[in-house]
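What follows is one structure encoded as structure tokens, with my remarks underneath.
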Amino acid sequence: MQVLWKLDTPFLREIIDAMPNPKPHQNTIATLLKILVEKEFVGITVMGRQHQYYPLVSKEEYSKRTIKQIVKGYFEGSFSNVVSFMVKENNISIEELESLLQQIKKQQSQKK
């Protein structure tokens with residue numbers, strides 16, 4: 001998806017060329033693109049034997065959906081469990097937790 005957002009409407013070869021080394025096999029990328037098309041994250045335009053791909057969702061929308069799926073699948077649907085996991089793994093600092101708390105408080109006060 002990162003490459004699609006960057007290139008906007010690339011062909012398969014352009015997607016592969018934009019990937020970091022070691023580059024994945026063409027079949028791997030084609031399979032991933034097929035899945036993304038089926039999930040309606042990516043659109044496709046057929047031009048003869050070539051396929052041109054384009055993102056159907058913004059990076060923000062894609063991130064939102066992906067995070068929700070991860071939380072649902074691995075953390076029993078609880079964002080609190082995610083934060084607890086991050087704390088246990090030392091992946092989040094006290095300063096970051098305090099910043100998150102301030103963001104939550106700010107959003108709560110804006111809703112009132």
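Values reported hereafter were calculated over all heavy atoms of this structure, with side chains retained and with hydrogens, waters and symmetry mates removed. Just so it is clear, the model here is predicted, and its values are computed rather than measured. Index from 1, following the sequence.
- Within the model, atoms CD of Gln2 and CE of Met19 stand 10.0 Å from one another, a figure rounded to the nearest 0.5 Å.
- Under the 4.5 Å side-chain heavy-atom criterion for ILVMFWY residues, no single connected hydrophobic cluster contains both Leu56 and Leu4.
- Under a cut-off of 6.0 angstrom, the local environment of CG in Leu101 is crowded, with over 12 non-hydrogen atoms contributed by other residues, nucleotides or ligands.
- Atom CZ of residue Phe11 and atom OG1 of residue Thr45 lie 8.5 Å apart, to the nearest 0.5 angstrom.
- Two different hydrophobic clusters hold Ile67 and Val57 under the rule that ILVMFWY side chains link at heavy-atom gaps under 4.5 Å.
- Remark: Glu38 CD is packed, more than 12 non-hydrogen atoms of other residues, nucleotides or ligands lying under 6.0 Å away.
- Among all heavy-atom pairs drawn from Ile29 and Pro24, the shortest one is CD1-CG, 3.4 Å.
- Interatomic distance, Gln52 CD to Leu7 CG, rounded to the nearest 0.5 Å: 11.0 Å.
- For Ser109 (side chain) and Lys106 (main-chain N/O), a donor-acceptor pair under 3.5 Å exists by modelled atom type.
- Phe79 and Val71 get closest at one heavy-atom pair: CE2-CG2, 3.4 Å.
- In terms of modelled atom types and a separation under 3.5 Å, the side chain of Gln107 and the main chain of Ile104 share no donor-acceptor contact.
- When hydrophobic clusters are built by joining Ile, Leu, Val, Met, Phe, Trp and Tyr residues whose side-chain heavy atoms come closer than 4.5 Å, directly or via intermediates, Phe41 is grouped together with Ile44.
- What you find for Leu36 and Tyr62 is that their closest heavy atoms are CD2-OH, 4.2 Å.
- Tyr54 and Ile16 are members of different hydrophobic clusters when ILVMFWY side chains are connected at heavy-atom separations under 4.5 Å.
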### Message
Let's go through Thr9 and Tyr53 carefully: what are the C-alpha distance in whole Å and the side-chain angles of both, what is the deciding distance for side-chain contact (heavy atoms from CB on, under 4.5 Å) to 0.1 Å, and is it a yes or a no?
### Response
CA-CA 5 Å; Thr9 55; Tyr53 300 92; over 6 Å; no

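- Between Asn81 atom CG and Tyr74 atom OH the span is 15.0 Å, to the nearest 0.5 Å.
- Expressed to the nearest 0.5 Å, how far NZ of Lys23 lies from CD1 of Ile15 amounts to 12.0 Å.
- Grouping the Ile, Leu, Val, Met, Phe, Trp and Tyr side chains by contacts below 4.5 angstrom, directly or via other members, places Leu33 apart from Ile35.
- Of the charged side-chain nitrogens involved, at least one lies within less than 4.0 Å of a carboxylate oxygen, so that Glu61 and Arg65 count as a salt-bridged pair.
- Residues Val37 and Lys34 are not in side-chain contact: their nearest non-hydrogen atoms beyond the backbone lie 4.5 Å or more apart.
- With hydrogens and angles ignored, the 3.5 Å screen pairs a side-chain donor or acceptor of Ser63 with a backbone N or O of Lys59.
- Between Gln50 atom CD and Arg13 atom CZ the span is 10.5 Å, to the nearest 0.5 Å.
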### Task
Take Leu12 and His51, measure what side-chain contact (heavy atoms from CB on, under 4.5 Å) needs, and give me the verdict at the end.
CA-CA 7 Å; Leu12 179 59; His51 296 100; over 6 Å; no

